Amino acid sequence: MKTLNLLLVASAALLSVGAQAATGEEIMTKSGCMACHKVDAKLVGPALKDIAKKYKGQDVLAKMLPKVRAGGPGVWGPIPMSPNPIEKISDADLKTAVQWILSL
Ligand code: HEC
């Protein structure tokens with residue numbers, strides 16, 4: 001009985017870990033963003049830390065969400081970001097990801 005209780009507690013703990021919301025980094029990995037972005041270094045797109053630095057102290061989230069959705073060039077140079085449609089990343093995940101980037 002004691003073993004069974006322990007097993008139940010252990011599986012409940014595992015379940016709650018599984019149910020936790022994904023972090024910005026997990027979302028960006030799963031949504032393919034990390035093919036072009038790295039946290040510390042420029043790849044195809046700017047380093048995520050450089051994005052955070054550029055917009056530090058500015059309230060840019062509302063502007064940034066449609067920009068990342070639509071993609072496009074011009075802010076960091078001539079290379080465009082490809083569009084990131086809803087099939088690739090949900091509104092909620094996009095918001096978590098961009099909030100995470102801006103917090104770096
Ligand atoms: C095909 C490569 C590519 C992919 C995939 C990509 N990006 Fe980008 N990203 C770029 C490039 C290039 C830029 C710079 C665009 C510019 O100069 O305006 C950029 C810029 C950004 C910026 C800064 C925009 C600004 O206006 O300063 C954010 C935030 C960002 N990306 C987030 C994301 C997220 C989140 C994803 C995944 C949903 C993603 N990117 C996927 C290439 C990519």
Side-chain angles (χ1 to χ4, degrees):
M1 196 55 196
K2 206 170 179 191
T3 321
L4 182 61
N5 276 339
L6 270 178
L7 274 177
L8 284 176
V9 170
S11 52
L14 277 178
L15 278 178
S16 67
V17 168
Q20 240 170 36
T23 64
E25 187 164 23
E26 286 163 358
I27 290 168
M28 287 193 69
T29 303
K30 152 185 111 181
S31 305
C33 314
M34 295 314 229
C36 296
H37 291 283
K38 271 173 81 169
V39 172
D40 281 314
K42 181 176 168 355
L43 212 55
V44 180
L48 300 180
K49 282 196 170 160
D50 289 343
I51 299 176
K53 211 188 291 171
K54 181 180 176 75
Y55 298 108
K56 199 173 167 62
Q58 299 173 48
D59 186 15
V60 293
L61 184 66
K63 257 190 1 207
M64 197 60 81
L65 297 179
K67 156 84 197 222
V68 176
R69 202 31 106 226
V75 179
W76 296 85
I79 303 172
M81 173 157 57
S82 50
N84 296 289
I86 194 100
E87 305 83 58
K88 204 170 138 187
I89 184 165
S90 72
D91 280 337
D93 278 1
L94 182 60
K95 190 170 173 204
T96 304
V98 173
Q99 278 173 330
W100 173 68
I101 296 169
L102 296 174
S103 76
L104 288 170

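Remember, it's 1-based here, ligands and their atoms both numbered in the order they're listed. Every value quoted in this text rests on a predicted model; they were computed, and no experiment measured them.
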The closest protein heavy-atom partner of atom 37 (C) of ligand 1 is Cys33 SG, 1.9 Å

How far is atom 22 (C) of ligand 1 from its nearest protein heavy atom, and which residue and atom is that?
Ile51 CD1, 3.5 Å

Show the atoms of ligand 1 that are less than 4.0 angstrom away from any heavy atom in Val44.
12 (C)

Do Val75 and Lys67 have side-chain heavy atoms sitting under 4.5 Å apart?
yes

Give the atoms of ligand 1, by number and element, whose distance to some non-hydrogen atom of Gly77 is under 4.0 Å.
17 (O)

Could you tell me, atom by atom, which parts of ligand 1 come under 4.0 Å of a heavy atom of Pro80?
12 (C)

Per the side-chain hydrogen bond (donor to acceptor under 3.5 Å, both in side chains) rule, what does the pair list look like for residues 88-98, sequence neighbours excluded?
Lys30-Asp93, Arg69-Asp91, Asn84-Lys88

Geometric N/O contact Ile101 with ligand 1, under 3.5 angstrom
no

Closest approach of any protein heavy atom to atom 29 (C) of ligand 1, naming residue and atom
Val68 CG2, 3.7 Å

Look up atom CE in Met28 and atom CG in Leu48, then write down how far apart they are to the nearest 0.5 Å.
4.5 Å

Nearest option to atom 18 (O) of ligand 1, as decided by whichever heavy atom of Lys30, Lys67, Lys88, Lys95 sits closest
Lys67

Find out whether Leu102 and Tyr55 are in side-chain contact, i.e. whether some heavy atom of one side chain is under 4.5 Å from a heavy atom of the other.
yes

In the protein, which heavy atom is nearest to atom 24 (C) of ligand 1, and how far is it?
Met64 SD, 3.6 Å

Between Ala62 and Pro66, which heavy-atom pair has the shortest distance, and what is it?
O-CD, 3.1 Å

Could you tell me the residue and atom name of the protein heavy atom closest to atom 27 (O) of ligand 1, and the distance to it rounded to 0.1 Å?
Tyr55 OH, 2.5 Å

For ligand 1, which atoms have a heavy atom of Gly72 less than 4.0 angstrom away?
15 (C), 16 (C), 18 (O)

In terms of atom number and element, which parts of ligand 1 are under 4.0 angstrom from non-hydrogen atoms of Gly32?
5 (C)

Can you tell me if NZ on Lys53 sees more than 12 non-hydrogen neighbours from other groups inside 6.0 Å?
no

Do the numbers put Lys42 on top of the ring of Trp76, so that NZ or CZ is under 6.0 Å from the six-membered ring centre and no more than 45° off the axis?
no

Same cluster or not: Ile101 versus Val44, using hydrophobic residues (I, L, V, M, F, W, Y) connected whenever any side-chain heavy atoms lie under 4.5 Å apart?
no

The one among Cys36, Ser31, Ala35 that brings a heavy atom closest to atom 3 (C) of ligand 1:
Cys36

Paired with Val98, the side-chain contact (heavy atoms from CB on, under 4.5 Å) test is passed by just one of Ile51, Leu61, Ile27, namely Leu61

Distance from atom 9 (N) of ligand 1 to nearest protein heavy atom, with residue and atom
His37 NE2, 2.8 Å

Min side-chain heavy-atom separation Leu43-His37 under 4.5 Å
no

Nearest neighbour in protein (non-hydrogen) for atom 6 (C) of ligand 1
Met81 SD, 3.5 Å

Short check: any N/O/S atom of Asn84 below 2.8 Å from atom 8 (Fe) of ligand 1?
no

Quick one: nearest non-hydrogen protein atom to atom 13 (C) of ligand 1, plus distance?
Pro46 CD, 3.4 Å

Which heavy atom in Pro78 sits nearest to a heavy atom in Pro73, and how many Å separate them?
O-CB, 3.6 Å

